[in-house]
Every structure is written in C-alpha cells, then in structure tokens.
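Everything below concerns the one structure shown next.
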Number of protein chains: 2
Amino acid sequence: MPNPTSRPYHHGDLRRTIIETAMAMLHEDKGWQFTLREVARRAGVSHAAPYKHFPDKAALLAEMALLGFDSLHKALTTVKPKKSNSLRDEFFAVGRAYVRFGTANPGLYRLMFSAEAGKAVDVHLSERALAVFGVITELLVRGQTAGVLRKRDVRGQAATCWAQMHGATMLTIESLLLIEKVGPDPLDAALLTLLEGLEN
Amino acid sequence: MPNPTSRPYHHGDLRRTIIETAMAMLHEDKGWQFTLREVARRAGVSHAAPYKHFPDKAALLAEMALLGFDSLHKALTTVKPKKSNSLRDEFFAVGRAYVRFGTANPGLYRLMFSAEAGKAVDVHLSERALAVFGVITELLVRGQTAGVLRKRDVRGQAATCWAQMHGATMLTIESLLLIEKVGPDPLDAALLTLLEGLEN
DNA sequence: CCCATAAGTTATCACTGTCAACATTGGAGC
DNA sequence: GCTCCAATGTTGACAGTGATAACTTATGGG
C-alpha cells in the first residue's frame, strides 16, 4: 500500500525536474561542482534515477547547453530598442542583451561554450545554436541593404561580431574586465568600436 | 642497497617533471580528462607524490595557467613583422600570434581562462596574466601618439581588442568558426574590422 | 657520523559516474 | 475489471578519483 506521506514511487515528470534542478545548481555556480548524484539528491530521487532519462552526464549537460542557446536566442530576438528604429540602436541593444545574458547566467553560458557538453561540436553545430549566429547575420544583412554597413562578406562580419560579444562576455564573467582596470563601460566602448569598423 | 636498474627513491626534480608531464597531457587534449593520478602514473611516481609539491590539483592547474600566460606573453612580444614597421602590420602580427597561440595549445588556452584553475580571479589578476593586457595597451598607446588611432580611453580599446582576440580564439578552438560556414579567413576579417574601428 | 627533514610510498576514506539486478507502478488490451 | 508488460525508480556494486595520514628512505648540514 502506498504511504501517503512519502512521495509516490513514480515521480511523474522527473526529466523536467532533473533539468530544472540542474539549472538551479548551475545558477548557484558554487565553484563549478556539478555532480549528477547531487542533482538526484536535490530532486529527491535515488542516485541512479537520472540514468532512466539521460544516458550520460554529458547528455544532460548537452541538453542544458541547448536549452541555453534557445534562451539566448530568445533574449536576442525579443529585445526591442526603445523608440528609435535605427540600426545603431538595435546593434547596441542586441550586443548588450547578449552580454547581459552571459553575465546573468555565467554558469550556463560557460557550459554552452565548454567542451564538457559532450562532443561539443555536435552541440554547437546544432540548429538551435546556429540560430544565435543567424540573429547577428540577419541584423548585418539588413544593415548592408540599408547601406549603413560596408558590403563585405556577411559571414565574416557576423563571426567578428560574435567573437567580440563572446570575448566581452567571457572576460566579464571571468572578472577580467574589471571596471577600475579597464574604464567605465568596456562593453559599450567595445560595441562602438566594433560598429565603427563595420559602418560605411 | 639501491637497485641500479630502478629509479632512485628520490626523483630529483619531480616538480618540473610533474608540470611537464601535465603540460604534455594537456596538449594531447583527449577529451579534457586530466587526472592527478594519471599525471603521477606517467611521471612514474606514486599517486600521492604530487602532493609533496602542490597542495592541490587546483594549485597545479593554476601554476600551469600562469606558465601559459608567460608563454603567451612571450609569443606576443617576440613577434616581428617581416619588413614594414607600420602599426597596421604589427597589429595584424600580434593578433595572429595571439590566436595562433590559442589554436596551437587549445587545452592550455582553455585552462588559462577556465574557472578550474583554482580561484580563477587570483590567477587572472596576477601580474603575469596582466602582462598580456599590457602588450596590447602598449601597442595602442603607440598608435595613438603616432596619430594613427583615435584618442579614446586606451584601456577600453585594449579591452575591446582583447575581447576580439579571445573570442576569435575560443570560437576557433571550439570549432565554431568553421571556414565553410563563416568565410575564407574569419580571423583576418575580424582584425581588419576591429582595426578600422580603431583607426582615425 | 648522525639525525632532522624533505621527498617518496602505501593504505585508507569519502565521493563520483556508471551499470546490473531488483522493485514498483501505470496503463494497454482482453 | 483483471492481467501482464514496459517504463520508471531503487539498491548495491565496481572502478577510479582527490585528498590525508602514517610510514619509509635518503640527503646534507652540524
């Protein structure tokens, strides 16, 4: 007979719970300890239960990384510059949103670009990860057709922008771009310099 | 009596051997397994021997990261543009040297900017790590005084350059800047765009 | 020559990822 | 409504890891 005070034998939606618990742990970011057993413990489930939903620790991490790319993609596409419709404003808005996502979720962001997420290449080349690249590309294409940006290879430009944003994000996360060392607002300075290198 | 065929009880220079072995393992980069015990095994020493020279696994990693920064610093300072002395050439030479260092030593480079190297902040803020930042800054200052570069806050410019190079390096290491996806030479394109954003 | 101490070893602990064997349950088909 | 199966969860085990303690060896300054 089922004990009414204890949780039922079958959890019901353990897969989601595991991911959410793991995300929460990643968010706490305590020195990058991330044990599968601790996830199970926090989810109130035995240490082997996660293996019924993920073949591997790496599989769970890969799943989380992909969710991170989805989240980042949404953060970039839902950003709306306040009033002006100028490409410059949009460029800054997207850039700030990107870095803000990273600094708000440092553990997740690190995971997304870490080799730990299984065979990293597979994760990164996933459509969901490339969607982020697509947002930048689309923005640049519009800038080129509007005549605001120089007409160069747009993939190269997009790679440049991505590298700049990724670099700024990582250096911020790792506390390398300390404000007192590097000036008042390194991000805006970086975005401005980058934009001016792209503009006509 | 000492057995002449076996290694002597005291290794003699185990600290150096450990670091070199660990560096070699990092260079092989086989999926980022990095076991202290495996290091000891390869060094032909018992699994607890490294603890006589490093208090921690993190301490060894931190030491290696610092050596990496030294190495990167040397790579940047010893680069000599072939003939021309123009700042543009030097800028490209330094940028290429930076990314080349990262792609040539992906494991080490990842470690240098990874949170795993102990309290990462301490490592990064070390004088030896900031020396790399200094190389960029010095180059920019010269460019500004020569009137080639815009006279803006040089720390912000240096941060921008560092972020660009770091981002390009990481995206290359993680196989994200695939040539076929992104154009013929994303690095040169990025450096050119960056430079044009800095120039007068 | 002696012996304190640095430097290496073995043994052990708690913990992890992973797997196999077992237990429980919800639900599809009769 | 009953039965059985597959999905889901549990327990127990194994090898491998970081770390520490207790022990052993050799080296060099007095």
Side-chain angles (χ1 to χ4, degrees), chain A residues 1-22 25-26 28 30-65 107 111 114-120, chain B residues 1-22 25-26 28 30-65 107 111 114-120:
Chain A
M1 82 181 200
N3 183 343
T5 65
S6 74
R7 236 175 286 89
Y9 192 91
H10 284 281
H11 182 285
D13 199 1
L14 184 55
R15 188 172 212 275
R16 181 175 308 275
T17 301
I18 286 176
I19 292 181
E20 285 171 1
T21 307
M25 286 174 57
L26 204 54
E28 298 175 9
K30 301 196 114 188
W32 184 239
Q33 31 85 312
F34 188 85
T35 64
L36 212 46
R37 285 171 113 104
E38 176 69 17
V39 175
R41 237 171 271 139
R42 293 213 200 182
V45 104
S46 83
H47 63 259
Y51 286 89
K52 300 294 170 177
H53 299 272
F54 302 93
D56 230 335
K57 180 185 182 183
L60 171 58
L61 291 178
E63 176 77 31
M64 294 167 67
L111 172 66
S114 158
E116 332 241 0
K119 265 317 197 189
Chain B
M1 83 181 198
N3 183 342
T5 66
S6 74
R7 237 174 287 90
Y9 193 90
H10 284 280
H11 182 285
D13 201 0
L14 184 54
R15 187 172 213 276
R16 180 175 308 275
T17 301
I18 286 175
I19 291 181
E20 284 172 1
T21 307
M25 286 174 59
L26 204 54
E28 296 175 9
K30 300 197 114 188
W32 183 237
Q33 31 84 314
F34 188 85
T35 313
L36 211 46
R37 284 170 112 105
E38 176 71 17
V39 175
R41 235 170 273 138
R42 293 214 201 182
V45 105
S46 84
H47 62 256
Y51 287 90
K52 300 292 172 180
H53 299 272
F54 302 93
D56 231 334
K57 181 184 181 184
L60 171 59
L61 292 178
E63 176 78 29
M64 294 166 67
L111 172 66
S114 157
E116 331 241 1
K119 267 314 198 188

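Each chain gets a letter, A, B and so on, in the order its sequence line appears, and its residues count up from 1. No experiment lies behind these values; they were computed from the predicted model shown.
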Give me, pair by pair, the N or O atoms of the protein and of nucleotides 12-16 of chain D that are less than 3.5 Å apart, along with how far apart they are.
{"unit_1": "D:dG12", "atom_1": "O6", "unit_2": "A:His47", "atom_2": "NE2", "d": "2.7"}

**Base of D:dG9 paired with side chain of A:Lys52 (donor-acceptor, under 3.5 Å)** =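 Yes, a donor-acceptor pair under 3.5 Å.
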**Message:** Please list all pairs meeting salt bridge (charged side-chain N to carboxylate O under 4.0 Å, His left out) that have one or both residues in residues 48-58 of chain B, counting only residues at least two apart or in different chains.
**Reply:**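 Pairs touching residues 48-58 of chain B that pass the test: none.
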May I have the distance from [X] (atom [atom1]) to [N] (atom [atom2]), rounded to whole angstrom?
X: B:Leu36; N: D:dT17; atom1: CG; atom2: P; value: 10 Å
X: A:Glu38; N: C:dT16; atom1: CD; atom2: P; value: 7 Å
X: B:Leu61; N: D:dG18; atom1: CG; atom2: P; value: 10 Å
X: A:Arg15; N: D:dA7; atom1: CZ; atom2: C1'; value: 14 Å
X: A:Arg42; N: C:dT16; atom1: CZ; atom2: C1'; value: 16 Å
X: A:Lys57; N: C:dT16; atom1: NZ; atom2: P; value: 10 Å
X: B:Asp56; N: D:dT17; atom1: CG; atom2: P; value: 17 Å
X: B:Leu60; N: D:dG18; atom1: CG; atom2: P; value: 10 Å

**Item:** 5′-ward residue of the pair A:His53/B:Tyr51 relative to DNA chain D
**Value:**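 Nearer the 5' end of the strand: A:His53.
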**Asked** How would you list all residue pairs meeting side-chain hydrogen bond (donor to acceptor under 3.5 Å, both in side chains) that involve residues 40-50 of chain A, not counting sequence neighbours?
**Response**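 Every side-chain hydrogen bond (donor to acceptor under 3.5 Å, both in side chains) pair that includes a residue of residues 40-50 of chain A, provided the two are not neighbours, is A:Glu28-A:Arg42, A:Glu38-A:Arg41, A:Glu38-A:Arg42.
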**Message:** How close do B:Pro50 and B:Ile18 get, counting heavy atoms only, and between which atoms?
**Reply:**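 Closest pair (atom of B:Pro50, atom of B:Ile18, distance): CA-CD1, 3.6 Å.
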**Message:** Would you compute the distance between atom NE2 of A:His53 and atom CD of A:Glu63 and round it to the nearest 0.5 angstrom?
**Reply:**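 If we round to the nearest 0.5 Å, A:His53:NE2 and A:Glu63:CD are 12.5 Å apart.
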